[in-house]
Amino acid sequence: MPTPELHAPARPVAAAPRLPWPALLAMSAGGFVTIMTEALPAGVLPAMSADLGVRQSAAGQSVTLYAVGSIAAAVPLTAVTGRLPRKPLLLVAVGGFAAANAVTAVSPSYPLTMAARFAAGLVAGLLWALLAGYARGIVAPEQRGRAMAVAMTGSTVALSVGVPAGTVLAGLVGWRATFGLMSAIALALTGWMLFVLPEPPGRADRTDRARTPVRRVLRTPGVAAVLAVTATFVLAHNILYTYVAALLAPLGLDGRTDTVLLVIGLSSLASILGTGALIDRYLRPLTIAASVLLAVAALLLAAALLGSAGWPVYAAAALWGLGFGGAATLLQTAVADAAGPAGDIAQSLLVTCWNLGIAVGGLAGGLLLDHAGPTALPWSALVLLAAALAVTLGGRRHAFPARHEHSSV
């Protein structure tokens, strides 16, 4: 009988696979283009409204129309394109931004500008519905949180650097030239993605997933709660963000919009870096913290407006970014984990709720601004954030569980 080896060499422990950095960074750049296209009007609203001959509240509807396009596109396009390969769809979406931003740059009229913004929203709805599943689908299960954080970094960079830089650039060369530059960036990005993006595995079962009825996904425990938090949280954010220039004007800071946006963006970048490191263990506390931080920021803004003091604005901007920066990654991860195999449909529903928050935020913020003044904006946001926090706290079992488990995609 053979004797066992007393000192058999230890088997080497398999190293964790490396993240596909080129592909994830390309997706991150796609998020950058999307958020820049969405949020740039907030930084150039006075010049945009003056050039188009409309009030700022009307120009602010360029954000609303963008969001309406995303709402209209997310669920139907995800269902219709369920059998199609993901890579060509992502390329079509990014190419759509190049076309829509080019039209915005040269549009001579308000209606055509709004139509271009709606078209940009359509391709954004498709891109956001694809992006999270794409990033999660090309990495190992234990890397999904980090992969999503990397893929979402571009959206935070857009807020932290892109929108403030775009605001400064628009002041130098005009808002139209800035949208033209965004068109060129989107066009270059399609070429980059063509070379570096792999096709995610698992296409064989995608058709069955795409056929999952929306009602069944909504009845999945935890999904509806995540969607409710998404809608209220984003609505609160956009009531403030779309009209940030109008919020700053009574404080004599209307010339500092780019600085305030920069503070929000830099703290957002810190937030998403922290989220990427901690999300796989602390999804629930991070989501709770996001609502609390944004609520404190809204309180500081309200106090600044009541006291006509400008200094709390910068503290509010820092907390605002810390609360908002990682929110997309947190909510997309939560809904993907709750939905399991129906992740694609759940992501499209989240995109719909996210953009519903943007659309209603632009519309409601404009009405509040016209009829109640800027002081009403932070108080309205505070009520919404209290609702988001209550649902998050109540979602301990399925939506935002105390113990975060990875689901399959």
Side-chain angles (χ1 to χ4, degrees), residues 12-37 85-95 97-98 124 126-162 165 182 184-203 206 265-283 286 321 325-333 336-337 343-344 347 404 406-409:
V13 177
R18 295 184 63 183
L19 288 175
W21 284 102
L24 291 174
L25 290 175
M27 284 185 268
S28 180
F32 176 88
V33 169
T34 306
I35 294 298
M36 279 294 295
T37 303
R86 307 288 90 181
K87 181 175 178 177
L89 286 175
L90 205 55
L91 292 174
V92 167
V94 177
F97 282 112
L126 177 60
L127 185 143
W128 282 127
L130 293 172
L131 204 59
Y134 209 127
R136 289 167 66 93
I138 61 175
V139 297
E142 66 273 13
Q143 296 176 314
R144 287 174 182 155
R146 289 184 62 204
M148 282 188 62
V150 173
M152 296 305 300
T153 300
S155 60
T156 306
V157 171
L159 290 172
S160 62
V161 179
M182 288 306 306
I185 291 172
L187 190 60
L189 179 58
T190 57
W192 181 19
M193 285 184 163
L194 183 63
F195 286 102
V196 301
L197 288 186
E199 177 68 26
R203 288 180 57 192
R206 189 178 297 134
L266 290 176
S267 58
S268 293
L269 187 58
S271 174
I272 200 166
L273 291 174
T275 299
L278 300 173
I279 187 172
D280 291 322
R281 289 176 293 166
Y282 302 109
L283 175 66
L286 287 172
T329 304
L330 293 169
L331 294 167
Q332 286 181 304
T333 300
D337 287 345
D344 283 353
Q347 291 295 338
H404 181 208
H406 294 290
S407 69
S408 61
V409 176

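Position 1 is the first residue of the sequence, and the numbers go up from there. We use all heavy atoms of the structure for the numbers below, so side chains are in, but hydrogens, waters and symmetry mates are not.
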As an exercise, state the distance from [atom1] of [X] to [atom2] of [Y], rounded to the nearest 0.5 Å.
X: Trp128; Y: Gln332; atom1: CH2; atom2: CD; answer: 6.5 Å
X: Tyr134; Y: Leu90; atom1: OH; atom2: CG; answer: 6.5 Å
X: Gln143; Y: Leu24; atom1: CD; atom2: CG; answer: 9.0 Å
X: Met27; Y: Thr34; atom1: CE; atom2: OG1; answer: 12.5 Å
X: Leu187; Y: Met182; atom1: CG; atom2: CE; answer: 12.0 Å
X: Thr329; Y: Arg146; atom1: OG1; atom2: CZ; answer: 13.5 Å

Task: Side chain Ser271, main chain Ser267, donor-acceptor under 3.5 Å - done: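 Checked: no pair found.
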Task: Side chain Thr190, main chain Leu91, donor-acceptor under 3.5 Å - done: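 Checked: no pair found.
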Open item on the list: Walk me through whether Val150 and Trp21 qualify under side chain to side chain contact (heavy atoms under 4.5 Å, CB included).
Closed with: CA-CA 9 Å; Val150 173; Trp21 284 102; 3.8 Å; yes
Looking only at heavy atoms, which two atoms of [X] and [Y] are closest? And how far apart?
X: Met36; Y: Gly162; answer: SD-C, 3.2 Å
X: Ser28; Y: Gly154; answer: OG-N, 2.7 Å
X: Lys87; Y: Met193; answer: CE-O, 3.6 Å
X: Ala277; Y: Arg281; answer: O-NH2, 4.0 Å
X: Val196; Y: Pro22; answer: CG2-O, 3.8 Å

Is there a side-chain contact between [X] and [Y] in this structure, where contact means two heavy atoms from C-beta onward sitting under 4.5 Å apart?
X: Val157; Y: Ile35; answer: no
X: Phe32; Y: Leu189; answer: no
X: Leu127; Y: Phe97; answer: yes

Task: side chain to side chain contact (heavy atoms under 4.5 Å, CB included) evaluation trace for Leu131 with Gln347 - done: CA-CA 9 Å; Leu131 204 59; Gln347 291 295 338; over 6 Å; no
